[in-house]
Novice: 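The structure's right below; bear with me while I get my questions together.
Start at 1 and go down the list; that is how both ligands and their atoms are numbered. Quick caveat: nothing in here was measured; it's all calculated off a predicted structure.
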Amino acid sequence: MPIEDTLQTLIPEAEVHARIEALARQIDADYAGAGEIVLIGVLRGAFIFLADLSRRLATPHRVDFIALASYDDGTRSSGVVRLIMDLRTSVTGKHVVIVEDIVDTGYTIAYLTEILQARHPASLRTCALLRKLERHEVDVRVDYLGFDIPDVWVVGYGLDYADRFRTLPYIGVVTPED
Ligand code: IMP
Ligand code: MG
């Protein structure tokens with residue numbers, strides 16, 4: 001069966017929007033009076049979530065990006081995270097929020113937290129639209145979480161399957177055949 005024929009809705013667009021709005025209010029409340037913060041989007045999957053979150057934040061903030069890879073292709077985790085593109089700006093002394101599409105095994109967030117912590121930000125928190133708790137292999141903290149989801153392969157809202165489906169306006173599930 002072609003992969004697009006397996007596509008089903010997991011989280012409708014309106015629910016995603018409402019949840020992102022709530023996350024923005026939570027971040028605004030937590031950083032009230034803290035001055036400017038830096039949102040770090042993890043490319044490529046986080047670009048749509050970051051764009052929506054950023055536009056809903058009242059907290060003054062800058063946006064920077066970092067690119068990592070932990071998957072060779074398809075859906076298999078290699079467990080090894082590589083830095084593909086570093087930040088343009090220094091995070092030393094800044095209040096930093098990492099913005100990820102999804103926390104799966106946890107390796108990406110663990111790696112990012114480690115390399116950014118070494119640059120001595122004033123504070124470092126994590127924000128993820130989705131989390132697959134049952135897939136976690138390392139213990140990671142997500143400070144701002146959109147949704148906990150089961151162990152399925154999700155697409156849309158920036159997330160891809162073999163680089164497809166990123167621009168779907170809702171969170172869908174695809175079921176690859178083995
Ligand atoms: P982790 O390092 O295993 O936590 O994986 C994090 C990265 O894997 C995410 O940023 C995504 O790019 C990718 N990923 C994990 N699960 C999915 C999924 O269900 N759909 C799309 N991408 C995923
Ligand atoms: Mg990602």
Novice: Can K132 be said to touch ligand 1, with heavy atoms closer than 4.0 Å?
Specialist: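 It does, in that a heavy atom of K132 comes within the 4.0 Å cut-off of ligand 1.
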
Novice: Output the list of atoms in ligand 1 that are nearer than 4.0 Å to some heavy atom of D160, sorted by atom number.
Specialist: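 The list of qualifying atoms is 21 (C).
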
Novice: Would you say V103 and ligand 1 have an N/O pair spaced under 3.5 Å apart?
Specialist: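 Among all N and O atoms of V103, none is under 3.5 Å from an N or O of ligand 1.
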
Novice: Check whether any heavy atom of G106 sits under 4.0 Å from an atom of ligand 1.
Specialist: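 Right, G106 reaches ligand 1.
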
Novice: With K132, which residues qualify under side-chain contact (heavy atoms from CB on, under 4.5 Å), at least two apart?
Specialist: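 Scan of K132 (side-chain contact (heavy atoms from CB on, under 4.5 Å), adjacent residues dropped) gives I102, D104, R135, I149, D151, W153.
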
Novice: Please state which option from L129, I102, V155, V174 has its nearest heavy atom closest to atom 11 (C) of ligand 1.
Specialist: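 Among L129, I102, V155, V174, the closest heavy atom to atom 11 (C) of ligand 1 comes from I102.
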
Novice: For the backbone of E15 and the side chain of R19, can you confirm whether one donor and one acceptor N or O come within less than 3.5 Å of each other?
Specialist: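 No, R19 side chain to E15 backbone: no donor-acceptor pair under 3.5 Å.
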
Novice: What part of R135, side chain, backbone, both or neither, has a heavy atom within less than 4.0 angstrom of ligand 1?
Specialist: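 Within the 4.0 Å criterion, R135 makes no contact with ligand 1.
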
Novice: For E36, run the side chain to side chain donor-acceptor pair (under 3.5 Å) check against H95, K94, R62 and tell me which one passes.
Specialist: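 The single option meeting the side chain to side chain donor-acceptor pair (under 3.5 Å) with E36 is R62.
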
Novice: Please list, in number order, the atoms of ligand 1 under 4.0 Å from a heavy atom of V152.
Specialist: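 Near V152, meaning under 4.0 Å from one of its heavy atoms, ligand 1 has 19 (O).
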
Novice: What do we get for L159 next to ligand 1 when only non-hydrogen atoms under 4.0 Å count, side chain, backbone, both or neither?
Specialist: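 It is the side chain that touches ligand 1; the backbone stays farther off.
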
Novice: Could you tell me, atom by atom, which parts of ligand 1 come under 4.0 Å of a heavy atom of T108?
Specialist: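 Selected atoms, number and element: 1 (P), 2 (O), 5 (O), 6 (C).
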
Novice: Does S54 reach the main-chain N or O of A51 with its side chain, forming a donor-acceptor pair under 3.5 Å?
Specialist: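 Not confirmed, S54 side chain does not pair with A51 backbone.
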
Novice: Before accepting this row, confirm whether a basic side-chain N of the pair D160/R44 lies closer than 4.0 Å to the acidic partner's carboxylate O.
Specialist: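 So D160 does not pair with R44 through a salt bridge.
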
Novice: Using atom types as modelled and distance alone, determine if a side-chain donor or acceptor of D64 lies under 3.5 Å from a backbone N or O of R88.
Specialist: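 Such a contact is found between D64 side chain and R88 backbone.
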
Novice: Compute the minimum heavy-atom distance from L130 to ligand 1 and say whether it is under 4.0 Å.
Specialist: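 No, L130 has no heavy atoms under 4.0 Å from ligand 1.
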
Novice: Mind checking whether D101 has a heavy atom under 4.0 Å from ligand 1?
Specialist: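 So D101 counts as touching ligand 1.
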
Novice: Show me which atoms of ligand 1 lie under 4.0 Å from any heavy atom of Y107.
Specialist: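 Contacts of ligand 1 toward Y107, numbered from 1: 2 (O), 4 (O).
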
Novice: Examine distances only and state if a side-chain atom of T92 and a backbone atom of R119 form a donor-acceptor pair shorter than 3.5 Å.
Specialist: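 Yes; at least one donor-acceptor contact below 3.5 Å.
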
Novice: Salt-bridge test for R25 and E21: reply yes if a basic N is under 4.0 Å from a carboxylate O, no otherwise.
Specialist: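 Between E21 and R25 there is a salt bridge, with a charged N closer than 4.0 Å to a carboxylate O.
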
